[in-house]
Each structure stands twice: as structure tokens, then as C-alpha cells.
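Structure record follows, encoded as C-alpha cells.
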Amino acid sequence: MNLDGLNPSQQDAVRATAGPVLILAGAGSGKTRVLTHRIAWLLEQRQARPWEILALTFTNKAAKEMAERISLLVGGSVRDMWVGTFHSLFARMLRREAEHLGYGRNFTIYDSDDQLKVVHDCMERLSLKSGQLNPKRVRAAISSAKNAMLDPETFAASDSGFIHERLSEIYRDYAIQLRQANAMDFDDLLLKPIDLFRDHPDRLAVYQDRFRFVLIDEYQDTNQAQFEVARLLAQAHNNICVVGDDDQSIYGWRGADLRNILDFETSWPGAQVFKLEQNYRSTETILEAAHAVVSRNQGRHPKKLWTQNGRGEPIPLLVGEDEALEAALVCRRILEHREQGGALRDVALLYRTNAQSRALEEAFMRHGLRYQIVGGTRFYERREIKDLLAYLRLLANPQDTVSLLRVINTPRRGIGDATVAQARALFQRAGTNFLEGVQRPELLAELGRGAPQRLAEFGKLIRDLTDLMAAGKPTEVLELLLEQTRYIEHLEAEGLEGKPRIENVRELQAALQHYEENSELGLAGFLEEVALVSDVDGWDDKEDHVTLMTVHSAKGLEFPVVFVTGLEEGLFPLAGALDDPAQLEEERRLFYVACTRAMRRLFLCFARVRRRYGQAGGAMPSSFLDIIPEELLDRSAAGRLLGGGLRGGYREAQSSFDEGGRQAGRGMRRYDAEAASQWKPAVRVAPTPPPVRPGFAGGELELDPEHTPPPPRPGKPAKLGADRERDALLNQYSPFRKAEPVRDPSSQLAEIADPSDLYPGALVLHETLGKGVVIHLTGFGGESRVSVRFESVGVKKLIARMAKLRLVR
DNA sequence: CTTCGCTAGGTTTTT
DNA sequence: CCTAGCGAAG
């Protein structure tokens, strides 16, 4: 094998195949390269055969990439190798070993939604009102207990007090419920293997024997359970190789334990340590900025990345008056990038919280920029998808109570809570489970009024589906299911909202069909895959669009151009972390991760006013920005600000801090004139027009009458000027102002659009008002309104049915 | 049992 | 601001 493409430390790390190995790999230092070469090397040197290798990652995407790259290196299949996520590989193992644990092979994997329902159920049973104990908190407590490898008994003994006792009760009941439902939650997928190995040393021996080489990616994110299971598996052959970067540990809140990587040498005596400090990704400027912040942390291996990539550009600071203007500034830079021949897929926007995507998204629509949001509500978490999956899960595992309760009255079939409760009690007395009970007419007869018939009908539905499942293909089952439940009609009845849901159902059908054609694992395999997909897995890097995602989701990815947005104190770093040193360290690492995603250009952005829960609140720039050496930043770009300077923003900032009770002393920065003077133009600035570039109709900020928005409603005359300016600023780069119009609408007229065909971002044509872009939709059916930003008259709110809008293709 | 209307809470991050 | 979840009424 040719290792010439690797630098000396990388080569060392590849060749050190025996014994425990820790590879400290900084961001962009070629970590995956080393890992894949190492595996290829093991194979080629005949030190390992494919099935003796276990390679664990955190995301499917990382696993897939690793498998592909190994396959390229060794020029063959990696089928026998276990390369995958902790969760999926252990799920696979647990299915094989299910009997030893008293589970059925067909166990269901409960996601956090399902967990919550079980918690709810438990709390009801124990008559603990959710008023005093919040189910989400309870779920979190159970999860962290599991992450710390505490079973219900150990957990109960670990502390005292009223709350803890209640939590222990719920945890105990929760565990029982899951077992009865033949279900495991995410945490169980890591914990149950430990139980298995502890109670069945012979099973442990089988896997120890098989996996002579254990490799773990992103080791800094492992929790105690993962540490333990890796220890058990690798202890026989002592060949464990972990790769990670303590500076990129950002999952502490989920139980990741930084000590795993910091103490590796103690846990695995004789470990060899390799440090990869040459960065191949970013410019010096970017690395230094990132380093400036993360190096403030106490708990880290001292190290500093270096690169031969050169200084690069300074980091522009973009300052928006509010989040919409922040977004507009970002869009402007992206349009510039595109004009210079750059692709949209080069660009990523990163933010701390998913909620921030909204303002960005609106700006992207306004500017006609294609984008993809990673994360947020996931496909498989949409209501309609969960409904249908619940049916399928119930078929795969008839004991799955959560799914049963979800589907029994979905769509409505007249089986309400009362009936369900009665039936449950009845079946319990009769010693039969729900699905069996429903098939026994003589039992049902005991229930009042129409209930027996409705329940029996439901029983028949499940029976028919089960029969078909035994005989036919999953897609056929889904089809029958849709038909019998009249599910599509049910969605149609929802009107406007139902449309995209129907599309989602079609997408689910397509996904299932695709799976069916490419896998032999059938419905069970599909359900498992679906349960374990993550946000990033759905990320599509082929299409040409800007990527929007949280910093967490961005870990492991890289982009030529990166915008880190929302750099405000209290948002990034998040308010809750300000008074906790450990959490603040994690925020710094998060910032480090964010910056080091950038290859060529990094932009740091913040807004002076940010609306949260619809309420405007002032914000101070993130303290991270103060730490970055001045010479790395380019402040000249900061403010093409809307006039008014300090007006509003900072004053509101001050008052909102005071009201929120987050005074100085708890770590929140307060307004002070000196700090503020760094960021504003001190006097009201006549908005500085950005340089006029070809391709734009010039004079961006002049409010020529043609582009003036409609006069605002009377009542707030004082704001008029500002609103017009603001509007102009927001729209100055909109596609309609380009010298070359996007398209000539007259030649591409569509039919008058059905209101339900409209969507935000759609280009439309109105008979008299001309071209516009749909901004927003509200309401249902005949009442639905549509906001359209017209080229000629600005934003108009129209009644969708009356507007006679045509879609411009 | 369903539907409507109100309120409270939510925005950290996810396999 | 928006939504989900709950209570009251039909």
C-alpha cells in the first residue's frame, strides 16, 4: 500500500497497528484519511480479515463515507466488515442476541417522541400530575441515568429526596413498559449490549473473538456506556484505535464524557498517542480565530493547528440591525460569490439554534437563492409519516403499545380515550393483549354501545394487513393500509395543510419501494433504518444550493465559504451557558467547530436586535468576537446599517436584560457605551450604498417611487421612514432588481393557480400587479391569504382565491 | 367523541 | 410568535 500521500505523523498513525492507539486529530487534519488508510493497511498487511474489523461512527453519513473510501483503497467490497454507527451496529447485534435478553428479535426502536408517550403513560399510572414534574424533564433524567449506566435500582439508590424518588418510580415503570412493548429506546441500544455481555460471558467471547480490531471515530463524543462496551469488546485483543479531538467535543449535554479521550492513556495502559496538527482545510486566519477562542478552555490537550494554506482573507464581520437585515447581508455576500462564478453548494450558513433558520430562510426566498435546511422537523417525524410508520411498526411488533395507541383512532374511527381505557382494562383482566383481544368478539361484547363493532373492525384491519404482510411486499401492505384507512382522504380533508402531507406520504411510499428493491431485509429493516437516520444523513451535497444547519449538524463537514450567524451574547454562547464554566467551554468548542468548517472564507455575523418569541430583544455582540485578534477581522464591512445607529437596539437591550433578571454578576454582559461604540457608526448614518456592481440596477437605497412599498397603515407615522428604508434594504438584492430579469413571464404563463399550489418562494404573476414572489401563506380554504411581494408595489396581502395568481415557471 | 378555543410554554444542540 | 395540549361545550 502506498502511503506517500500521507504526512509523516499520519503514516505513523496508520502503521501503528498493534495495541491501543489514540489519534488526536485536529479539525481538517485528515482524520478520515488516516482511519481509512489504517483499515486498508490492516487488510493489506494481512493483519486482519474484513470480518475482524469493527469501525464505529456516530452518523450514518460518516459510516457510509468511511466504507466507500475503504472500498476504494482496497479495491473491493467491505461487506463483511462492520462499519456503521454505534446505534445501528448494536441494534443489529441485539437482534441476533435478543433471546438472551428476553426480547423478541422484532423489537421496536422507540424514538424520543415514543419515549415521551411512555413517560406520560407511566406518570398517569402513578398519578403524578405533569404539573409538578415535567415529562420532558423526566425523559431527560431517564436518559442521562442510562447514559451513566444506571439501571432503575442503582439510580434509585444514587440519591434521595422527593423528586428523585418519583423519578425513580417512573424510571422503573418506564423500563417495565418498554420491555412489555418489546421496545428499546436509543439509549438501550448502547446499554443492552453491556447487560448481555455481563450476563452471558459466552456471548461476549464470541464478539471479542471476532472483532480483533476495534476503531472508533469522533471518540470525544462517546459516553460512559460507549466507553464500556468498547472496553469489553476490545479488551481481549487490546487492539483499539480511537480518533478524536477534545476541542470538538460538543455533545456533553447528551452524556458525552470528555474524560474518555483525555484519560485514554490511563484506561489503556501502553497506549501510543499520535497528534495530527497539520490542517489541510482552512486558511491561517480562520485557524487563528478559532484557536483564539477555544484555547481559553482549561480542560484540553494543549495544541495548535498549523497550515500551509496561507493567510487567506481577513474575516468580515457582518452586522445587521435585526435578524432580517443580518440575513440580507448574508444573501448579498452569497450573490456576490455567485457572480464571481462560485457555486451555491460551496456555501453553508451555521447557527446555534434551529429557530434561527426562519429569518434566513425568508431572506433566501426573497432573493431567489436555492437553499436546503438540514435538521429542524425531520421527515420521519412528521405527523403523517409517524402515523403510517406506527401502523407498520405495529405489524412488525404486535406488542408495540405506543404505536397501537397512536393508530387505534387515526384517522378517527370513533375509538376515543374512554373506549381504549375500558378495553385495555378488560383485556388485562382477560389476560390477553390488545391486538388479540380485539379479535375476540365475545370479549368485546362486554363493552357498551358501538365500541365492540368499531374495535372489531380495527381488529380486522390489523388482521388483514398482517396476512398481507406474511404473503406480500411491504409496499403492498402500505398500499392496502392507505386504502383501508382512507388516509389520503383524511389528509385531503385538512385542506391547505394536507397537501404537503399527502406529498410526504407519496415520498414515504417511494422510500419504501426503493428500500424494497435494494434490500432483502424487508419491512423490519426499513423500520430500523428509519428509526436511526439523523438529520445530516439527509443532506444532499449534489444539488447546487446553500446549506443551512446548526453547528452541531455541521461537525465533520467542510465548505469553501461559511457564515456563522447569530453571534450574540446569550445566543452563541447560549444564555444558559454563561454562568457555568463547563458549559461555556462547550460553547467555545462549538464556536471552534463552526469556524473550522470553513475552507477559504469565513464570515461572522450578528444582529443588534433579535426577535425571540415574536418579541424584539436587544443583543450584545458575542464575547467570542472580543477574543478574536483584531487583525484577523475585517470590520469595514460591518455596517451598511440602517440609519439610527444606537436607536432602539441597545436601549432595548438594556431594558430586556434588566427585566429578564439576568443581571451582570450572573455573567450576562450589559450595555455599556464603550462596548457599543465599537460596533455602531456613532451618528445616524445615511445608509451607505454598497458599491454598485454590474448586474444590479444601481442606486440600491434610493427609494425611487416605483419600488416604494405601499403606504403603511395610518397610526404609526413615526416608523414610516424607517420601514421604507428597511424594506428597501431587505429587497435591494432581490432578483427582480437585477438588470436581467429572471425570466420573461409572459411567455411562460401557467394556468391560474389553485391556492393550494402556492408555496412560499413561488414566483407568481398577477393580472394587474405584475410579477411577485410569495412570501407567506395563512389560513385555510376560502379564507386563505397569501402575502406576495410584487416587483411594482411591494408586499400585498391577498385573498388566495380571489387573486388569480399564475405560477411563473 | 369530537371540535373549538384558550393558555402556556418553547428555542440549545440528537443517535 | 406559534404550537401543542388541555378543558369545555355540542
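Chain naming here is simple, since letters A, B, ... match the order of the sequence lines and numbering starts at 1 in each.
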Quiz item: Can K146(A) and D185(A) be counted as an ion pair, charged N to O under 4.0 angstrom?
Solution: yes
Quiz item: Looking at dT11(B), does its base get a donor-acceptor pair with the side chain of R612(A) below 3.5 Å?
Solution: no
Grab the N/O contacts between the protein and nucleotides 8-10 of chain C below 3.5 Å, and write none if there aren't any.
none

Quiz item: What do the steps show when you test R424(A) against D121(A) for salt bridge (Lys or Arg N to Asp or Glu O under 4.0 Å), and what is the final call?
Solution: CA-CA 13 Å; R424(A) 271 178 111 176; D121(A) 216 41; 3.5 Å; yes
Self-check item: C1' gap between dC6(C) and dT11(B), integer Å
Solution: 22 Å
Exercise. Would you indicate, yes or no, if dT12(B) has its OP1 or OP2 atom less than 4.0 angstrom from a side-chain nitrogen or oxygen of N354(A)?
Key: no
Quiz item: Does T550(A) put a side-chain nitrogen or oxygen below 4.0 Å from OP1 or OP2 of dT14(B)?
Solution: yes
Quiz item: Of all heavy-atom pairs between N182(A) and Y103(A), which one has the smallest distance, and what is that distance?
Solution: OD1-CD2, 3.3 Å
Quiz item: What is the distance from NZ of K555(A) to C1' of dT15(B), rounded to the nearest Å?
Solution: 11 Å
Quiz item: Among the nucleotides dT14(B), dC6(C), dT15(B), which one has an atom lying closest to any side-chain atom of T85(A)?
Solution: dT15(B)
Quiz item: Nearest-Å distance, CD (E361(A)) to C1' (dT11(B))?
Solution: 16 Å
Self-check item: Value in whole Å for how far the P atom of dT14(B) lies from CG of D114(A)
Solution: 18 Å
Self-check item: S88(A) side chain near dT15(B) phosphate (N/O to OP1/OP2, under 4.0 Å)
Solution: no
Self-check item: Carboxylate-amine/guanidinium contact R406(A) D114(A), below 4.0 Å
Solution: no
Quiz item: Are R610(A) and E326(A) close enough for a salt bridge, meaning some N to O gap below 4.0 Å?
Solution: yes
Practice problem: Please work out if N60(A) contacts a base, only the sugar-phosphate, or nothing of the nucleic acid, heavy-atom cut-off 4.0 Å. | Solution: nothing
Exercise. May I ask you to decide if the ring planes of F572(A) and F624(A) are parallel, tilted or perpendicular, using 30° and 60° as cut-offs?
Key: perpendicular
Quiz item: Taking DNA chain B as the partner, which of residues 408-423 of chain A come within under 4.0 angstrom of it by heavy atom?
Solution: N409(A), R412(A), G414(A), I415(A), G416(A), D417(A), A418(A), T419(A)
Practice problem: State which residue, out of L215(A), V83(A), L89(A), fulfils the side-chain contact (heavy atoms from CB on, under 4.5 Å) condition with L54(A). | Solution: L89(A)
Quiz item: Of all the nucleotides listed (dT12(B), dT15(B), dT11(B)), which has the minimum atom distance to the side chain of R254(A)?
Solution: dT15(B)
Quiz item: Expressed in angstrom and rounded to an integer, what is the separation of K117(A) atom NZ from dG5(C) atom C1'?
Solution: 12 Å
Quiz item: Below 3.5 Å, does any donor atom in the side chain of R352(A) face an acceptor in the base of dT11(B), or the other way round?
Solution: no
Quiz item: Side chains of Y219(A) and Q226(A): do they bring a donor and an acceptor to under 3.5 Å?
Solution: no
Quiz item: CD of E587(A) versus C1' of dT13(B): gap in Å, rounded?
Solution: 9 Å
Quiz item: For R610(A) and dC1(C), what is the distance between atoms CZ and C1' respectively, to the nearest whole Å?
Solution: 15 Å
Quiz item: Do R454(A) and E457(A) meet the salt-bridge criterion of a basic N to acidic O distance under 4.0 Å?
Solution: no
Practice problem: Can you sort out the partners of R589(A) under side chain to side chain donor-acceptor pair (under 3.5 Å), two or more places apart, ordered by chain and number? | Solution: E586(A)
Practice problem: Grab the CZ-P distance between R406(A) and dG5(C) for me, whole Å please. | Solution: 10 Å
Practice problem: Mind checking Y613(A) for me? I need base, sugar-phosphate or nothing, with any heavy atom below 4.0 Å counting as a touch. | Solution: base
Exercise. Could you tell me whether the side-chain ring of F186(A) sits stacked on the base of dT14(B), using a centroid cut-off under 5.5 Å and a plane angle under 30°?
Key: no
Exercise. To the nearest Å, give me how far apart CD (E381(A)) and P (dT13(B)) are.
Key: 12 Å
